[in-house]
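Everything below concerns the one structure shown next.
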Amino acid sequence: MKDPHTIKLIAPSVISKLKDPRVIRMSGMLALCCVCFLSGRASAYNPQILNSLNRSRDALLTQRSHLQQAADDTRARIGELQTKLDSINSYLSDTDKAIRDVEAALARAD
C-alpha cells in the first residue's frame with residue numbers, strides 16, 4: 001500500500017498535467033470527434049441527408065475531374081514552355097560563345 005504522503009505528492013502533478021494546454025486541446029478534439037461521430041450515426045438514416053451527401057459527393061467528384069484536367073493542361077503547357085526556354089537558353093549560350101570568339105579575335109588583332 002502506498003504511503004498517503006506520496007499520494008498527496010502525486011495528485012498535484014496529475015492535476016498540473018490536466019491543465020496543460022496540449023491535454024486540454026486533445027480532450028477538446030476527442031470530444032468534438034465523439035460528437036461528430038455520434039451525430040453522424042444518429043442522422044445517417046435520414047434519406048434527405050443521404051441524398052444531399054450523395055449530391056455533394058457527385059459535385060465534388062465533378063469539380064475534382066475539372067481541376068485534374070486543368071492541372072494536366074497546365075503541366076502540358078509548362079512542358080511546352082520549358083522546351084521553348086531550353087531552346088532560347090541554347091541560342092543564348094551559342095551567342096555568348098560567338099561573342100567571346102569575336103572578342104578574342106579582336107584582342108589578337110590589336
Side-chain angles (χ1 to χ4, degrees):
M1 185 166 153
K2 290 188 176 182
D3 182 26
H5 298 297
T6 58
I7 294 173
K8 287 182 183 178
L9 293 175
I10 292 172
S13 68
V14 170
I15 291 172
S16 68
K17 287 180 183 175
L18 292 176
K19 292 181 181 178
D20 185 5
R22 292 177 294 183
V23 172
I24 293 171
R25 254 184 274 139
M26 185 61 90
S27 300
M29 290 298 291
L30 182 62
L32 180 64
C33 289
C34 288
V35 167
C36 290
F37 177 75
L38 292 176
S39 67
R41 295 289 291 174
S43 64
Y45 298 104
N46 186 339
Q48 290 177 336
I49 292 174
L50 287 176
N51 288 335
S52 175
L53 289 172
N54 282 328
R55 284 193 309 272
S56 296
R57 183 196 61 214
D58 293 343
L60 288 170
L61 287 171
T62 301
Q63 180 180 359
R64 186 186 188 292
S65 173
H66 291 304
L67 290 171
Q68 186 65 50
Q69 183 62 44
D72 293 342
D73 293 345
T74 303
R75 263 188 226 96
R77 182 74 176 130
I78 288 172
E80 293 168 4
L81 290 172
Q82 185 63 48
T83 302
K84 186 175 182 178
L85 179 61
D86 292 343
S87 295
I88 292 170
N89 284 332
S90 175
Y91 293 143
L92 278 172
S93 176
D94 292 345
T95 302
D96 288 341
K97 184 179 177 205
I99 290 170
R100 283 192 302 273
D101 291 344
V102 169
E103 287 176 347
L106 286 172
R108 281 191 303 265
D110 285 336

Separation between CZ of Arg64 and CG of Leu67, rounded to the nearest 0.5 Å: 8.5 Å
Donor-acceptor pairs under 3.5 Å, side chain of residues 81-89 to any protein atom, not counting sequence neighbours: which ones?
from: Gln82; atom 1: NE2; to: Asp86; atom 2: OD1; distance (Å): 3.0
from: Thr83; atom 1: OG1; to: Gly79; atom 2: O; distance (Å): 3.0
from: Ser87; atom 1: OG; to: Thr83; atom 2: O; distance (Å): 3.3
from: Asn89; atom 1: ND2; to: Leu85; atom 2: O; distance (Å): 3.4

Salt bridge present between Arg75 and Asp72 (N-O < 4.0 angstrom): yes
Derivation and outcome, side-chain contact (heavy atoms from CB on, under 4.5 Å), residues Arg100 and Lys97: CA-CA 5 Å; Arg100 283 192 302 273; Lys97 184 179 177 205; 3.8 Å; yes
Nearest-0.5 Å distance that lies between atom CG in Asp73 and atom CD in Gln68: 10.0 Å
Polar side-chain atom of Ser65 near backbone of Leu61 as donor-acceptor pair, under 3.5 Å: no
Crowding at CD, Glu80 (>12 non-hydrogen neighbours, <6.0 Å): yes
Separation of Ile99 CD1 from Asp94 CG (nearest 0.5 Å): 11.0 Å
Any donor-acceptor pair under 3.5 Å from Ser52 side chain to Gln48 backbone: no
